[in-house]
Amino acid sequence: MGILGTGSLGSQVARILTDKGTKKIYMYDFDRLSAENLGHHELSFNSLGLLKKQQLKLELFYRSINTSFYEKDEKSDLEVAEKSDILVVTVGNNQAFDRHAFETLKEYKKPIIWAWLSPNSILQEIVISTPQSGCLNCYYIKSKEDQELKQVHQTADKEIESYPIVNRDLCGNPHVVSQWERVVFLATQIVSILANYSKNKRFKFDYVNYYWGMDDIIPTAHVGFLDQHSSCFCRGVHHE
């Protein structure tokens with residue numbers, strides 16, 4: 001397994017994969033743990049200011065005797081991709097996603113699971129790109145044209161605007177929605193997709209959106225397939 005981005009979401013994916021006994025995990029991230037990560041990240045305040053990938057490797061090493069961990073240096077994200085059978089990208093911001101999608105990994109021949117979440121985890125998105133599907137840009141276009149998908153995003157945008165952005169959830173207040181629980185939920189969904197692919201060698205869908213109202217305890221899921229868009233010049237093919 002390869003993981004590009006070991007922030008809040010990536011660290012939880014790595015933890016669950018470790019608990020499941022994944023043989024090898026390659027990780028890449030050049031960022032350091034900040035106070036904004038606390039409460040969502042697998043690492044604690046003891047790792048503040050230190051490189052996430054190195055600290056996460058040490059943390060997970062003591063949890064498993066079956067998994068080998070490899071954390072790569074800056075500018076070695078392509079090496080992680082090449083060594084991995086399948087790649088999970090959780091790099092955390094639009095600029096980094098686009099750099100990986102349209103520069104570093106544009107010719108990549110293996111499956112990629114792209115995953116990100118909105119403020120307060122109100123909207124969580126997973127996109128799976130393969131040589132047989134559309135690319136991340138095809139998904140961007142579809143999210144603006146497909147009426148059902150567009151409605152999900154519009155509803156989520158209204159909910160996002162209604163609440164302040166919460167970056168810290170340190171006290172475990174039982175009267176507020178735990179952002180950590182939502183991040184872990186998305187991580188479990190990613191690992192479930194990986195487990196199903198490992199068993200069946202195919203994906204059941206190309207993308208899934210999870211919409212959470214602020215008071216929801218169960219998200220609403222919207223899944224679909226991702227064909228190559230007519231205005232995109234990626235190398236995907238249309239589904240039969």
Side-chain angles (χ1 to χ4, degrees), residues 1-29 40-43 52-53 56-57 59-72 77 80-92 97 100-101 105 108-117 121 123-136 139 180-212 217-226 236 239:
M1 277 302 309
I3 302 176
L4 300 185
T6 56
S8 298
L9 181 57
S11 72
Q12 299 299 339
V13 171
R15 175 185 62 82
I16 298 170
L17 287 171
T18 300
D19 290 343
K20 289 177 68 68
T22 303
K23 185 176 180 181
K24 294 181 180 180
I25 300 177
Y26 295 89
M27 298 182 291
Y28 167 82
D29 196 317
H40 307 167
H41 205 282
E42 180 64 16
L43 296 173
K52 295 176 183 176
K53 60 183 180 180
L56 188 60
K57 175 184 175 181
E59 177 74 19
L60 297 178
F61 174 79
Y62 294 106
R63 295 180 63 114
S64 173
I65 61 174
N66 299 316
T67 304
S68 298
F69 301 96
Y70 305 87
E71 44 86 12
K72 297 300 182 179
D77 46 350
V80 170
E82 290 173 347
K83 289 181 176 295
S84 305
D85 294 322
I86 188 169
L87 195 62
V88 175
V89 182
T90 61
V91 287
F97 264 98
H100 283 91
L105 301 172
Y108 196 59
K109 303 299 184 183
K110 303 172 188 176
I112 305 175
I113 297 178
W114 312 84
W116 64 95
L117 39 79
S121 291
L123 181 64
Q124 300 177 331
E125 300 176 76
I126 297 174
V127 177
I128 304 167
S129 62
T130 70
Q132 290 74 44
S133 74
C135 68
L136 194 60
Y139 174 76
W180 174 82
E181 291 170 349
R182 293 188 175 187
V183 172
V184 171
F185 168 84
L186 187 59
T188 62
Q189 301 307 295
I190 293 169
V191 174
S192 294
I193 291 171
L194 291 169
N196 184 269
Y197 176 79
S198 178
K199 178 181 179 180
N200 299 301
K201 303 306 178 186
R202 62 183 181 86
F203 296 102
K204 288 190 173 183
F205 47 79
D206 294 332
Y207 67 83
V208 57
N209 286 186
Y210 296 104
Y211 165 71
W212 298 78
I217 58 174
I218 299 175
T220 300
H222 174 75
V223 301
F225 291 100
L226 186 62
H239 288 280

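Remark: the Trp114 side chain and the Ser129 side chain contain an N/O donor-acceptor pair separated by less than 3.5 Å. Tyr211 and Gln124 are not linked by any side-chain donor-acceptor pair at a separation below 3.5 angstrom, with hydrogens and angles left out of the test.
Scanning all heavy atoms of the two residues, the minimum distance from Leu60 to Ala14 falls at CD1-CB, 3.7 Å. Closest non-hydrogen pair, Leu105 versus Ala81, comes out as CD2-CB, 3.7 Å.
Checked against salt bridge (Lys or Arg N to Asp or Glu O under 4.0 Å), Asp19 has the following partners two or more places apart in sequence or in another chain: Arg15, Arg63. Scored by the side chain to side chain donor-acceptor pair (under 3.5 Å) test, Thr67 finds Ser64 as partners (sequence neighbours excluded). With sequence neighbours excluded, the residues forming a side chain to side chain contact (heavy atoms under 4.5 Å, CB included) with Gln189 are Ile126, Phe185, Tyr210, listed by chain and number.
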- [ ] Give the C-alpha distance, both sets of side-chain angles, the deciding distance and a yes or no for side chain to side chain contact (heavy atoms under 4.5 Å, CB included) between Leu87 and Val89.
- [x] CA-CA 6 Å; Leu87 195 62; Val89 182; 4.2 Å; yes

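Contact check for Lys24 versus Lys83: no side-chain heavy atoms found under the 4.5 Å cut-off. A 4.5 Å side-chain heavy-atom check between Val88 and Met1 finds at least one atom pair inside the cut-off.
Put simply, the side chain of Lys110 never gets that close to the backbone of Thr130: no donor and acceptor are under 3.5 Å apart.
Ring orientation note: the planes of Trp116 and Phe97 are nearly perpendicular, at an angle over 60° on the 30°/60° scale.
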